[in-house]
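Only one structure is covered here, and it is reproduced in the block below.
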Amino acid sequence: MNFMDIKQITPDQVIFFQFHFITLNLTIVFTWAVMAVLVIGSWLITRQLSTDRQISAWQNILEMLVTGIQDQISEISRQKAARYMPFIGTLFIFIAFCNLLTVVPGYESPTASLSTTAALAICVFISVPLFGIAQKGLGNYLKQYIQPTVFMLPFNIMGELSRTLALAVRLFGNIMSGSKIVAILLAIIPFVFPVILQLLGLLTGMIQAYIFAVLAMVYIASATQVQDQNQTDRKKNNTRSSRNN
């Protein structure tokens with residue numbers, strides 16, 4: 001059963017209930033469904049974790065996923081992955097599952113809605129200064145907006161806003177366009193070719209989830225590594241001073 005018509009661009013346009021400013025649309029319904037699947041699945045997989053040599057296949061997959069995400073975070077940030085794992089891991093797993101479930105008939109990915117991708121991008125936008133301030137303090141974090149000169153302040157602010165917009169639009173555009181192309185081809189050629197495109201869409205969805213998570217980590221790392229670099233420079237200067245003395 002398909003809830004959306006080909007003419008409808010995003011699942012936001014399929015409204016089940018509306019009362020004043022309260023709206024229940026297809027995006028919200030499938031977002032709740034994805035969250036329910038993740039919560040129940042996480043509980044089922046983690047309720048019987050084992051440290052024995054013989055572990056279940058699901059625990060093995062979970063450990064591979066967590067280890068892979070941690071390795072990527074460590075390579076990008078050059079910092080301890082544990083600090084960023086909950087946020088970055090949640091972003092990747094949520095987006096990946098939203099896109100993977102497109103194999104279910106009638107399902108429409110919430111990431112095909114600009115409201116969902118904008119909300120995810122806003123989460124990244126808020127997390128960057130939070131991680132930056134927690135790492136090096138409010139004053140040191142704000143100083144980077146006026147580097148190398150105070151005249152760079154408006155450009156640095158516009159850069160923060162533009163990359164948030166780019167995160168939202170990139171994910172939305174790729175997922176929405178892919179689902180529309182498959183729907184159109186299913187209406188015209190309902191055989192092998194749309195299935196191939198569906199598989200390519202799944203690959204694209206996973207790549208987009210990876211790119212979103214990586215870019216989020218890059219933005220956070222850029223906000224938290226400045227102090228590390230300053231500390232390194234101070235150590236070098238102290239070493240040179242001690243040698244000169």
Side-chain angles (χ1 to χ4, degrees), residues 10-12 21-42 65-66 68-77 79-102 108-138 141-142 144-145 156-176 204-226:
T10 73
D12 289 345
F21 62 90
I22 301 174
T23 301
L24 180 64
N25 55 34
L26 194 61
T27 301
I28 297 175
V29 171
F30 281 133
T31 299
W32 288 348
V34 171
M35 290 190 296
V37 169
L38 289 176
V39 171
I40 295 173
S42 299
L65 177 62
V66 171
I69 296 175
Q70 287 180 334
D71 291 342
Q72 288 294 310
I73 293 174
S74 298
E75 290 181 8
I76 294 171
S77 65
Q79 302 176 48
K80 293 182 179 180
R83 179 184 302 168
Y84 311 110
M85 178 66 190
F87 179 67
I88 300 299
T90 300
L91 279 179
F92 173 76
I93 293 174
F94 175 76
I95 298 173
F97 265 82
C98 283
N99 298 339
L100 282 176
L101 289 178
T102 52
E108 295 292 337
S109 176
T111 53
S113 165
L114 186 59
S115 59
T116 300
T117 59
L120 294 171
I122 290 173
C123 289
V124 176
F125 176 77
I126 295 173
S127 70
V128 170
L130 289 180
F131 280 115
I133 293 171
Q135 177 77 0
K136 54 189 178 182
L138 179 61
Y141 175 77
L142 294 178
Q144 68 181 2
Y145 286 99
N156 288 328
I157 293 176
M158 286 190 295
E160 294 279 348
L161 296 175
S162 62
R163 71 186 186 186
T164 302
L165 178 63
L167 273 178
V169 174
R170 180 189 295 108
L171 181 59
F172 162 71
N174 281 280
I175 304 304
M176 182 274 294
T204 301
M206 292 300 297
I207 293 174
Q208 290 303 316
Y210 175 77
I211 291 175
F212 194 99
V214 166
L215 289 177
M217 190 63 247
V218 168
Y219 299 155
I220 293 172
S222 66
T224 57
Q225 283 184 334
V226 176

Sequence-distant partners of Y210, side-chain hydrogen bond (donor to acceptor under 3.5 Å, both in side chains), two or more places apart = Q72
message = How close do E160 and Y145 get, counting heavy atoms only, and between which atoms?
response = OE2-OH, 3.3 Å
key: Atom pair CZ/CG of F212 and L120 - distance to nearest 0.5 Å   = 5.0 Å
query = Does the side chain of M85 reach to within under 4.5 Å of the side chain of V66, using non-hydrogen atoms?
reply = yes
ask   = If every non-hydrogen atom of I28 is compared with every non-hydrogen atom of L24, which pair is closest and at what distance?
value = CG2-CD1, 3.8 Å
ask   = What's the verdict on side-chain contact (heavy atoms from CB on, under 4.5 Å) for I69 and Y84, showing C-alpha distance, side-chain angles and the deciding distance?
value = CA-CA 10 Å; I69 296 175; Y84 311 110; over 6 Å; no
Gap between atom CG of L215 and atom OG1 of T164 - 0.5 Å precision = 11.0 Å
message = Which heavy atom of S222 sits nearest to which heavy atom of Q144, and what is that distance?
response = O-OE1, 4.1 Å
remark   = Scanning both residues in full, the closest heavy-atom pair of A81 with S74 reads CB-OG, 3.5 Å
message = I need the full list of side chain to side chain donor-acceptor pair (under 3.5 Å) pairs touching residues 115-127, with sequence neighbours left out, sorted by first then second residue.
response = D12-S115, S113-S115
Sole candidate of Q135, K136, Q79 that passes side-chain hydrogen bond (donor to acceptor under 3.5 Å, both in side chains) when paired with T224 = Q79
ask   = Roughly how far, to the nearest 0.5 Å, is CG of L165 from CE of M158?
value = 13.5 Å
inquiry  = Going by side chain to side chain donor-acceptor pair (under 3.5 Å), name the pairs with one or both residues in residues 90-102, residues two or more places apart or in two chains.
reply    = N99-S109, N99-T111
query = Taking atom CD1 of I93 and atom CG of L91, what is their separation to the nearest 0.5 Å?
reply = 10.0 Å
ask   = Looking at CE of M217 and CZ of F131, how far apart are the two atoms once the value is rounded to the nearest 0.5 Å?
value = 7.5 Å
Non-neighbouring partners of F97 that pass ring-ring contact (aromatic ring centres under 6.0 Å, His included), sequence neighbours left out = none
task = State, with a plain yes or no, whether a side-chain heavy atom of V128 is found less than 4.5 Å away from one of R163.
result = yes
task = Compare every heavy atom of P11 with every heavy atom of A112, then report the nearest pair and how far apart it is.
result = O-CD, 3.8 Å
Residues 167-175 side chain polar contacts: donor-acceptor under 3.5 Å, at least two apart:
{"from": "N174", "atom 1": "ND2", "to": "R170", "atom 2": "O", "distance (Å)": "2.7"}

message = Please enumerate all residues that pass side-chain hydrogen bond (donor to acceptor under 3.5 Å, both in side chains) together with E75, with sequence neighbours excluded.
response = none
request  = Nearest 0.5 Å please: distance from the CD1 atom of I211 over to the CZ atom of F92.
outcome  = 11.0 Å
